[in-house]
Peer 1: 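I have a structure here, written as structure tokens, and I will follow up with some questions on it.
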Amino acid sequence: MFTSTGNNFGAGSIQFKDYQAENYVVLNAKITYDPSNADYRAADVLEIYVPDLTINRSAVAGVILTFRDRYEYSTYTWNNDGGTAVKSWIKDKNTICIEKLTNFDEKTEHTLFIQALYPSLNQRGSSIKGTRTRIDMTQETRYLYWSSETFCVIFEHWVFLHMQFSSCSYSYRNQPWEATMGNFPTDVNADVPFIGGSNQYNPSVNGFTLAHVENGVFTCEERMSGFESTGYDPFIFAFLVRDGVQEDEPESGGTGGQEGFDG
């Protein structure tokens, strides 16, 4: 874990979870900022300044940019929160760059989710093969249904998570959701962006819903208003740093030695 040394878009201090190998790094951060501030408006590319990383520069990785957008009616709040992927890369060992997307600068609150693996450019290493592990989503009363594309790949220090929503029983559509994630590590604690859903007032992007993973449990307090629209298939795609390995957990990515990435 480390803290940024600065940035050029008015976001204040930024806390990172990290796993750093010789030829790749996995970084996790949640960054909220106001796009009306002068530093953001002056920047061409968003830059975060950090202590020395193990790699000098990386290939491009996707991060998720989200914004808050609510419409108040007499007895109802229409949730049109939105999100999309933007480019991110490590420019040098002390600078993380993020593409500046100005399409939604009129929104007063932006949040960036960095949950990415950055492979080093022009460097090769001993690679390992991860195993796809189906996540067994269970509930005392089953009301959530997931596609077969809900899986993880587990490594000693980090995990790749992919979840794809199928449907929810009607009586639970507006309730808080909770499910146990069988076969998933219990030492991951993260807010994760759930991207998908028809976004009536922001049709150029999908909806954004905030979910949370902690102690092997998935929770989601509320969904954006178009979350269950036909054909949008909300999903989660994240590389997440583990807080510590539990001895009784499955290890689908190999054990022992330093993990490598064939970049």
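What's counted below: heavy atoms across the whole structure, side chains too, no hydrogens, waters or symmetry copies.
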Peer 1: Tell me, with the steps shown, if Asp69 and Asn202 meet side chain to side chain donor-acceptor pair (under 3.5 Å).
Peer 2: CA-CA 9 Å; Asp69 190 18; Asn202 305 289; 2.9 Å; yes

Peer 1: What is the minimum heavy-atom distance between Ala29 and Gln15, and which atoms define it?
Peer 2: CB-O, 3.6 Å

Peer 1: How many angstroms lie between atom OG1 of Thr32 and atom CZ of Phe113, to the nearest 0.5 angstrom?
Peer 2: 7.0 Å

Peer 1: Hey, does the side chain of Asn80 reach the backbone of Gln200 with a donor-acceptor pair shorter than 3.5 angstrom?
Peer 2: yes

Peer 1: Roughly how far, to the nearest 0.5 Å, is OG1 of Thr77 from CZ of Arg70?
Peer 2: 7.5 Å

Peer 1: Measure the CG-CG distance between Leu117 and Leu27 for me, rounded to the nearest 0.5 Å.
Peer 2: 9.0 Å

Peer 1: Salt-bridge test for Asp105 and Arg41: reply yes if a basic N is under 4.0 Å from a carboxylate O, no otherwise.
Peer 2: no

Peer 1: Kindly work out whether a path of hydrophobic side-chain contacts (I/L/V/M/F/W/Y, heavy atoms less than 4.5 Å apart) joins Val25 to Leu240.
Peer 2: no

Peer 1: Among the clusters formed by ILVMFWY side chains lying less than 4.5 Å apart, do Tyr24 and Phe160 turn up in the same one?
Peer 2: yes

Peer 1: Which atom pair, heavy atoms only, marks the closest approach of Val159 to Cys152?
Peer 2: CG2-CB, 3.9 Å

Peer 1: Looking only at heavy atoms, what is the nearest atom pair of Met224 and Gly207, with distance?
Peer 2: CE-CA, 3.6 Å

Peer 1: Walk me through whether Thr150 and Phe165 qualify under side-chain contact (heavy atoms from CB on, under 4.5 Å).
Peer 2: CA-CA 8 Å; Thr150 298; Phe165 173 79; over 6 Å; no

Peer 1: Nearest 0.5 angstrom please: Asp39 CG to Asn7 CG, how far?
Peer 2: 8.0 Å

Peer 1: Taking side chain as C-beta onward, heavy atoms only, is Val26 less than 4.5 Å from Phe155?
Peer 2: no

Peer 1: Could you tell me if Asp34 and Ser36 have a donor-acceptor pair between their side chains, going purely by distance under 3.5 Å?
Peer 2: yes

Peer 1: Mind checking whether Trp158 and Ile96 sit in one hydrophobic cluster, side chains of I, L, V, M, F, W, Y counted as touching below 4.5 Å?
Peer 2: no

Peer 1: If the threshold is 4.0 Å, N to carboxylate O, is there a salt bridge linking Lys91 and Glu47?
Peer 2: yes

Peer 1: In terms of hydrophobic clusters joined by side-chain contacts under 4.5 Å, are Ile64 and Val241 together?
Peer 2: yes

Peer 1: Let me confirm one number: the CZ-OG1 distance from Arg68 to Thr108, rounded to the nearest 0.5 Å.
Peer 2: 8.5 Å

Peer 1: Please state whether the rings of His157 and Tyr19 are parallel, tilted or perpendicular, taking 30° and 60° as the class boundaries.
Peer 2: parallel

Peer 1: So, taking the atom named OH in Tyr118 and the one named CD1 in Ile90, what distance separates them when rounded to the nearest 0.5 Å?
Peer 2: 6.5 Å

Peer 1: Is there a donor-acceptor pair closer than 3.5 Å between any side-chain N or O of Ser225 and the backbone N or O of Asn79?
Peer 2: yes

Peer 1: I'd like to know if Glu178 and Arg142 make a salt bridge, using a cut-off of under 4.0 Å between side-chain N and carboxylate O.
Peer 2: no

Peer 1: With a cut-off of 6.0 Å (strictly less than), are more than 12 heavy atoms of other residues, nucleotides or ligands near CD of Glu140?
Peer 2: no

Peer 1: Do Cys168 and Trp177 touch side chain to side chain, with heavy atoms closer than 4.5 Å?
Peer 2: yes

Peer 1: Where do Val192 and Gln115 land on the side-chain contact (heavy atoms from CB on, under 4.5 Å) test, with the steps shown first?
Peer 2: CA-CA 8 Å; Val192 286; Gln115 296 173 340; 3.9 Å; yes

Peer 1: Taking Glu149 first and then Arg134, would you say they form a salt bridge - that is, a charged N and a carboxylate O separated by under 4.0 Å?
Peer 2: no

Peer 1: How close do Ala179 and Gln139 get, heavy atom to heavy atom, and via which atoms?
Peer 2: CB-CG, 3.7 Å

Peer 1: Does the side chain of Asn206 reach to within under 4.5 Å of the side chain of Asn199, using non-hydrogen atoms?
Peer 2: no

Peer 1: Is Arg57 salt-bridged to Asp92, cutoff N-O under 4.0 Å?
Peer 2: no

Peer 1: Please list, chain by chain and in numerical order, all residues satisfying salt bridge (Lys or Arg N to Asp or Glu O under 4.0 Å) with Asp191, sequence neighbours excluded.
Peer 2: Lys30

Peer 1: Taking atom types as modelled, is there a side-chain donor on His162 or Gln164 under 3.5 Å from an acceptor on the other?
Peer 2: no

Peer 1: Can you name the nearest heavy-atom pair linking Ala211 to Phe218, along with the distance?
Peer 2: CB-CE1, 3.6 Å

Peer 1: Please check if atom CG in Asp52 has more than 12 non-hydrogen atoms from other residues, nucleotides or ligands closer than 6.0 Å.
Peer 2: yes

Peer 1: Quick check: is Tyr145 connected to Phe184 through a chain of hydrophobic side chains (ILVMFWY, heavy atoms under 4.5 Å apart)?
Peer 2: no

Peer 1: Carefully, step by step, assess Ile195 and Thr209 under the rule side-chain contact (heavy atoms from CB on, under 4.5 Å).
Peer 2: CA-CA 6 Å; Ile195 299 299; Thr209 293; over 6 Å; no

Peer 1: Are the side chains of Ser58 and Ser120 in touch, meaning some heavy atoms are under 4.5 Å apart?
Peer 2: no

Peer 1: Just so I know, are the side chains of Ile114 and Asn28 near enough to count as touching, which here means a heavy-atom distance under 4.5 Å?
Peer 2: no

Peer 1: How are the rings of Tyr33 and His110 set relative to one another: parallel (under 30°), tilted (30 to 60°) or perpendicular (over 60°)?
Peer 2: perpendicular

Peer 1: List the atom pairs, donor and acceptor, that lie under 3.5 Å between side-chain atoms in residues 226-238 and the rest of the protein, sequence neighbours left out.
Peer 2:
unit_1 : atom_1 : unit_2 : atom_2 : d
Glu228 : OE2    : Arg173 : NE     : 3.1
Ser229 : OG     : Gly226 : O      : 2.8

Peer 1: Is a donor on one side and an acceptor on the other found under 3.5 Å between the side chain of Lys17 and the backbone of Asn189?
Peer 2: yes

Peer 1: For this output row, return yes or no: ring centroids of Phe9 and Tyr40 closer than 6.0 angstrom.
Peer 2: no

Peer 1: Are any non-hydrogen side-chain atoms of Asn8 and Tyr49 less than 4.5 angstrom apart?
Peer 2: yes

Peer 1: Is a side-chain N or O of Ser147 found less than 3.5 angstrom from the main chain of Ser166, in a donor-acceptor match?
Peer 2: no

Peer 1: Apply side-chain contact (heavy atoms from CB on, under 4.5 Å) to the pair Ile48 and Ile14, showing each step before the final yes or no.
Peer 2: CA-CA 9 Å; Ile48 303 170; Ile14 301 167; 4.0 Å; yes

Peer 1: In the structure I gave you, are the side-chain heavy atoms of Val213 and Met181 within less than 4.5 Å of one another anywhere?
Peer 2: yes

Peer 1: Evaluate the side-chain proximity of Thr133 to Val153: yes if any heavy-atom separation is below 4.5 Å, no if none is.
Peer 2: no

Peer 1: Any idea which heavy atoms bring Ser4 and Gly12 closest together, and the distance?
Peer 2: OG-O, 4.3 Å

Peer 1: Apply ring-ring contact (aromatic ring centres under 6.0 Å, His included) to Trp146 and Phe151, showing your working.
Peer 2: CA-CA 10 Å; Trp146 304 85; Phe151 68 93; over 10 Å; no

Peer 1: When Ile, Leu, Val, Met, Phe, Trp and Tyr are grouped by side-chain heavy atoms lying under 4.5 Å apart, directly or through other members, which residues fall in the same group as Tyr71?
Peer 2: Tyr73, Tyr76, Trp78, Tyr201

